[in-house]
Amino acid sequence: MSGRGSQVIRTRHQKLEELRRLGIEPFAYEYDVTAHAAEARAAFEAAEAAGELVDGKGQDVRLGGRLVSFRTHGKVTFADLQDASGRIQLYFRRNDLGEKAYDRLDLLDIGDWIGVAGHLFRTRMGEVTVHVTSYELLAKSLRPLPLGKEEVDPETGERIVHGGFADIEQRYRQRYADLAVNPHVREVFIKRTRIVRAMREFLDARGYLEVETPILQPLYGGASARPFITHHNALDMPLYLRIADELYLKRLIVGGLERVYEIGKDFRNEGIDRTHNPEFTMLEFYEAFADYRRMMTVVEDLMVHLVRTVTGGPLEITYQGITLNFQPPYPRLPYLDALKEYGNIDVNAMDDAALRDAVKSFGAEDVESMSRPKLMDELFKELVEPHLQQPVFIIDFPLELSPLAKPKRGAPDLVERFELMVAGREIANAFSELNDPIDQRQRFEAQVRLREQGDEEAQTLDEDYIRALEYGMPPTGGVGIGVDRLVMLLTDQPSIRDVILFPTMRPE
RNA sequence: GGGCCGAUAGCUCAGCUGGCAGAGCAGGGGCCUUUUAAGCCCACGGUCCUGGGUUCGAGUCCCAGUCGGCCCA
């Protein structure tokens, strides 16, 4: 709270002054920690099981962490300390600490960082606890954390949190507090890091080179989206934040790097909802001499590796109550067949007007100006995607929707492209990359015409990229994977904001 | 962009047809040397999201706005 400040905050400031008056520095410089809470507990239990304890007294430890609860009983006090590994109970006794140090516990608050030294023991109630013989304040907390009280259900053994930090808006705005008080939130982000690390392991092991390409680009491309625009002062020119890495990574294939990948932020200037954040993380990888069919098997192998990373072995996960099985091979379902099967849309039997009527029937906007492929895309999103729960490759998309993909062998209106769909969402998007510079120029020109007709998401003509293709790009398979959405899937989170540490928000 | 819902103590929430703004937890003062949502007693704590309006009287009703959530586009 601003202004006069709350009673709680005022009290903490008073304690801070009192500490300074006593010559105690409330913001320490270091503490020599010998273990984490979880290690200390495990070590005690091992010693106990081996019968090594004398008078029930365990190892000496020095722990650092945050005070998360406090129970005073006159001349004895219990507290809980939380560090990165979890929580452990602390036991302070006046006789052991001395009167002065014991009384100064009054100057501590929940949320303070402290260091404690003492030995481990097990209480009458059976809890492994640190019998504290000395403690130090490491950092005073001047603002109360929204910590709830925890209870363990005696029947199920589950932790029940009373009160706590539930306001969704404040949890996103103050992620530091969310992380500090909600262990399951910490778990999600730890898993996210493991998943991204597993992606690197997988690609590194297959000889892919991790690279970094420009985020600030003079032209943006590689996807259909509106960009963020910024300005370079010294060059006095506009620059765009990238919407995709694609065109730069393929330039590296031209350069002979053969297998490259990048994991990085892309930026798209569009709405925010459960599956869209303006900045998001994308994995793209490209492999020379491969076509989209080969890339499907790479994606299957990658998914197996990632699912196993999360589950520890099994290939089934639950997403929002639905069990998903990632055992390959995943079905290959042609785009037009999917439209027919799930949407009852037989594209070959319907003229543009019939398609347009079908799109209108579910109330889309700007239907009159849509091209035939755009209409098909609308129908696909509306009628087909919700049915695609179990992993499936949708293959062979209409050419106009895919200006960077190679025409399908034997079907020139289609391209060799697949999307891996899971839980009704696109997880991966991939092509046999278009490496014919003459065809690529024509595709760009078609995009420019669409742009001139008002399609703000149509791509721009990138002359330098054409020049690169003119030098010669080998046949190449490329894949893009939205990392945030994949992490949502693998951590069973309903919103992209639950897997981004600091999601984009309007200012308070 | 549209619809619905929400915003009240530091936190989690209640507050009916308009009538003195509440509870639990946290925080403060007591008692308590193995407790664990510790317990018992006492006192304290409010820009009811913001701005208008209706009314004798608004947390409550009306209008506009801010921020957020869900659904739709």
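The chains referred to below are lettered A, B, ... by the order of the sequence lines, with proteins before strands, and numbering in each begins at 1. Quick caveat, the model's predicted, so the values are computed rather than measured. Just so it is clear, the values below take in all heavy atoms, side chains as well, and ignore hydrogens, waters and symmetry mates.
- Pairing of B:G45, defined by two Watson-Crick or G-U wobble distances under 3.5 Å, is not identified with any nucleotide.
- Regarding contacts with the backbone of B:U34, every side-chain N or O of A:R93 stays at 4.0 angstrom or more from both OP1 and OP2.
- Taking the C1' atoms as reference points, B:C11 lies 22 Å from B:C5, given to the whole Å.
- Judged by the 6.0 Å and 45° rule, A:R268 forms no cation-pi pair with A:F280.
- Rounded to an integer number of Å, the gap from A:Q14 CD to B:C44 C1' is 13 Å.
- As rounded to the nearest Å, B:C67 and B:G30 have P atoms that lie 46 Å from one another.
- Nucleic acid contact for A:T72: base, since at least one base atom lies under 4.0 Å from a heavy atom of the residue.
- The side chain to side chain donor-acceptor pair (under 3.5 Å) test with A:D80 is passed by exactly one of A:R87, A:R66, A:R71: A:R71.
- Rounded to whole angstrom, the span from the CD1 atom of A:I272 across to the P atom of B:G1 amounts to 12 Å.
- Here B:U34 is the nucleotide among B:U12, B:A37, B:U34 with the atom lying nearest to any side-chain atom of A:F121.
- Residue ring and base: A:H73 counts as stacked with B:A38 (centre distance below 5.5 Å, interplanar angle below 30°).
- Rounded to whole Å, the C1' atom of B:A9 lies 6 Å from the corresponding atom of B:G45.
- Between A:R12 and A:S495, the one whose closest nucleotide on RNA chain B sits nearer the 5' end is A:R12.
- For B:U54, there is no paired base (Watson-Crick or G-U wobble, both distances below 3.5 Å).
- Checking B:C71, B:U33, B:G28 against the side-chain heavy atoms of A:D109 singles out B:G28 as nearest.
- In this structure, A:F78 and A:H73 have perpendicular ring planes: the angle between them is above 60°, well past the 30° mark.
- The side chain of A:R274 lies closest to B:C70, out of B:G68, B:C70, B:C32.
- Spacing between atom CG of A:L107 and atom C1' of B:G27 amounts to 14 Å, rounded to whole angstrom units.
- Per the geometry, CG belonging to A:D103 stands 12 Å off P belonging to B:G29, to the nearest Å.
- The partner of B:G22, taking Watson-Crick or G-U wobble pairs whose two distances both stay under 3.5 Å, is B:C13.
- The CD atom of A:Q7 sits 14 Å away from the C1' atom of B:C11 (whole-angstrom rounding).
- Phosphate proximity of B:U33 to A:R94: absent, as no side-chain N or O sits under 4.0 Å from OP1 or OP2.
- A side-chain donor-acceptor contact under 3.5 Å links A:N429 and A:R417.
- Nearest to the side chain of A:F165, among B:G68, B:C11, B:U35, sits B:C11.
- Checked by distance alone, A:Q89 brings a side-chain donor or acceptor within 3.5 Å of a matching partner on the base of B:U35.
- Among the atoms of the strands shown, none is found under 4.0 Å from any heavy atom of A:E508.
- We find the CD1-NZ distance between A:I114 and A:K140 to be 10.5 Å, quoted to the nearest 0.5 Å.
- Residue order along RNA chain B, read from the 5' end via each residue's closest nucleotide, puts A:K75 first among A:K75 and A:D80.
- In this structure, the CZ atom of A:R10 is 14 Å from the P atom of B:C44, given to the nearest Å.
- Distances were taken from every side-chain heavy atom of A:R173 (C-beta onward) to each of B:A26, B:C67, B:U34; the shortest belongs to B:C67.
- For B:G1, the paired nucleotide is B:C72, the pair qualifying as Watson-Crick or G-U wobble because both relevant distances are below 3.5 Å.
- Heavy atoms of A:E127 sit under 4.0 angstrom from at least one base atom.
- Look at the P atom in both B:C25 and B:A38: the space between them is 10 Å, to the nearest Å.
- Residue contacts shown for A:K381 are absent, as no nucleic acid heavy atom lies under 4.0 Å away.
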Open item on the list: For A:R192 and A:T491: C-alpha separation, side-chain torsions, deciding distance, then whether side chain to side chain contact (heavy atoms under 4.5 Å, CB included) applies.
Closed with: CA-CA 8 Å; A:R192 178 179 173 125; A:T491 58; 5.9 Å; no
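- Across all strands shown, B:A7 is found opposite B:U66 as a Watson-Crick or G-U wobble partner, with both distances under 3.5 Å.
- A:G163 comes within 4.0 angstrom of sugar-phosphate atoms only, judged by non-hydrogen atoms across all strands, and of no base.
- Summarising the geometry of A:S85 relative to A:H36, their closest heavy-atom pair is OG-CB, 3.4 Å, with the distance given to 0.1 Å.
- With B:G69, B:A38, B:U35 as the candidates, the nucleotide lying closest to the side chain of A:F78 is B:U35.
- Straight-line distance from the CG atom of A:D112 to the C1' atom of B:A26: 14 Å, rounded to whole Å.
- Under the 3.5 Å distance criterion, with hydrogens and angles disregarded, a donor-acceptor pair is assigned to the side chains of A:T129 and A:Q89.
- Here the separation of B:G27 from B:C62, taken at their P atoms, is 40 Å to the nearest Å.
- More than 12 heavy atoms of other residues, nucleotides or ligands shown are found within 6.0 angstrom of CD on A:Q320.
- Out of B:G28, B:A26, B:U33, the shortest distance to the side chain of A:T11 is found at B:G28.
- For the pair A:I168 CD1 and B:U12 P, the interatomic distance rounds to 11 Å; values are reported in whole Å.
- Listed nucleotides B:A26, B:U34, B:U12 differ in distance to A:A166; the shortest reach to its side chain belongs to B:U12.
- Between B:G59 and B:U50, the distance separating the two C1' atoms is 14 Å to the nearest Å.
- For the pair A:K149 and B:A38, the criterion of a side-chain N or O lying under 4.0 Å from OP1 or OP2 is met.
- The phosphate of B:A37 (OP1 or OP2) has no side-chain N or O of A:R71 nearer than 4.0 angstrom.
- Separating the C1' atom of B:A43 from that of B:C48 is a span of 24 Å, rounded to the nearest Å.
- B:G24 and B:G39 are spaced 15 Å apart, taking the C1' atom of each and rounding to whole Å.
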